[in-house]
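Heads up, the thing below is written out as structure tokens.
Here the structure is a predicted model, which is why all the values come from computation and not from measurement. Just so you know, ligand 1 is whichever comes first in the structure, and atom 1 is the first atom listed for that ligand.
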Amino acid sequence: MSLDLDRRQRAMLNEMGVHVWWPQALAAAPQASPEATQSLPTAVAPAPLAVKPLSAPAQALHPVVNAAPAAAPVEDVGNLDWSTLAQKVAACTACKLSLGRRAVVFPAARAPGPADWMVIGEPPDDNEERLGLPFAGQAGQLLDNMLKAVGVRRWHPDGGDTPAAGSAYVSNCVKCRPAVARNPEPQELATCENYLQREVALVQPKVILALGRFAAQTLLQGSLPDTAGIPLGKLRGTVYRYQGVPVVVSYHPVYLLRTPQDKARAWADLCLARSVVTPA
Ligand code: SF4
Ligand code: URA
């Protein structure tokens, strides 16, 4: 796989601690400090990757969960336009995660339209809830830098751009922050997935990047038995399908901030996702 990284992109990767072995870079980087040069040869070329046959049928929709706490189950949202979908999400009380939320994390300002990439993260944290934006703070910056390094720009609902080739629509696997720090329950993931399905249908991404184990669980539980029991690292390196869209699993940037030694693996995952969008 070839990646045409310019100096800015390589600098970004270096800053992230992802050292890509790049012969031309070594030859054409007289400005690099000796330490930087020494750190370059750490090869992180993506390992051979198993690509699942892409013909797997899109998984059936999860039924609306009828569990007790659901005050108002998610209605059929399969035909809604963006603004009606956003209104439904803002008023949703279909699972217990609604109980302590201050606001849902869902872009209501503007319909994203089609975007090449869709990035799905974990349940929103405090920062994301306050800003109403998935992947906020330092983790968001790391994600943005990693995306930039493969030539992808995050689409912002209140920005001026329209998503197009090379842009990413970002979202969370559930739209409400758990009021107390706890894992989302499988039923909560499945309930909120109704909205995610419609997001995918409206955004029409060419690839979905599932970051973190709950994002992976949400997207894969319909097609992979016992997804919740499989360590995240074992879900990497395979192209799955969700509603017919290729899905690549990787680490969440919050995890990468704590575990920088896995950034190289995350970089390999991004390269895999990029190869799906732009085949060599
Ligand atoms: Fe509704 Fe999703 Fe919030 Fe649960 S997490 S209340 S399903 S919007
Ligand atoms: N485990 C997680 O829960 N998330 C990650 O991103 C990586 C490991």
Nearby protein N/O/S atoms (those under 2.8 Å) for atom 1 (Fe) of ligand 1, with water ignored:
C92 SG

D226 atom CG, over 12 foreign heavy atoms within 6.0 Å:
yes

Could you give me the CA-CA distance, side-chain angles and deciding distance for L211 and Y255, then say whether side chain to side chain contact (heavy atoms under 4.5 Å, CB included) is met?
CA-CA 10 Å; L211 300 185; Y255 167 85; over 6 Å; no

Exactly which residues line ligand 2, taking a heavy atom under 4.0 Å from it as the test?
G212, R213, L232, Y251, H252, Y255

Taking only heavy atoms of R101, which atoms of ligand 1 are found under 4.0 Å from at least one of them?
3 (Fe), 6 (S)

Under 4.5 Å between any side-chain heavy atoms of K88 and R198, yes or no?
no

Please examine the side chains of I208 and Y240, heavy atoms only from C-beta on, and report whether any two atoms are closer than 4.5 Å.
no

Can you find a side-chain donor-acceptor pair between E193 and Y242 that sits under 3.5 Å?
yes

Flag, side chain of R110 to backbone of P157, donor-acceptor distance under 3.5 Å:
yes

Heavy-atom donor-acceptor pair, D262 side chain to L256 backbone, under 3.5 Å
no

Among L209, I120, L189, find the residue that satisfies the side chain to side chain contact (heavy atoms under 4.5 Å, CB included) test when tested with L219.
I120

D81: which residues meet the side-chain contact (heavy atoms from CB on, under 4.5 Å) condition with it, sequence neighbours left out?
S83, T84

Please tabulate, for the side chains in residues 128-136, all donor-acceptor contacts under 3.5 angstrom to protein atoms that are two or more places apart in sequence or on a different chain.
| from | atom 1 | to | atom 2 | distance (Å) |
| --- | --- | --- | --- | --- |
| E128 | OE1 | D125 | N | 2.8 |
| E128 | OE2 | F135 | N | 2.8 |
| E128 | OE2 | N172 | ND2 | 3.0 |
| E129 | OE1 | R102 | NE | 2.6 |
| E129 | OE1 | R102 | NH2 | 2.7 |
| E129 | OE1 | R177 | NE | 2.8 |
| E129 | OE1 | R177 | NH2 | 3.3 |
| E129 | OE2 | R102 | N | 2.8 |
| E129 | OE2 | R177 | NE | 3.2 |
| R130 | NH2 | N127 | OD1 | 2.5 |

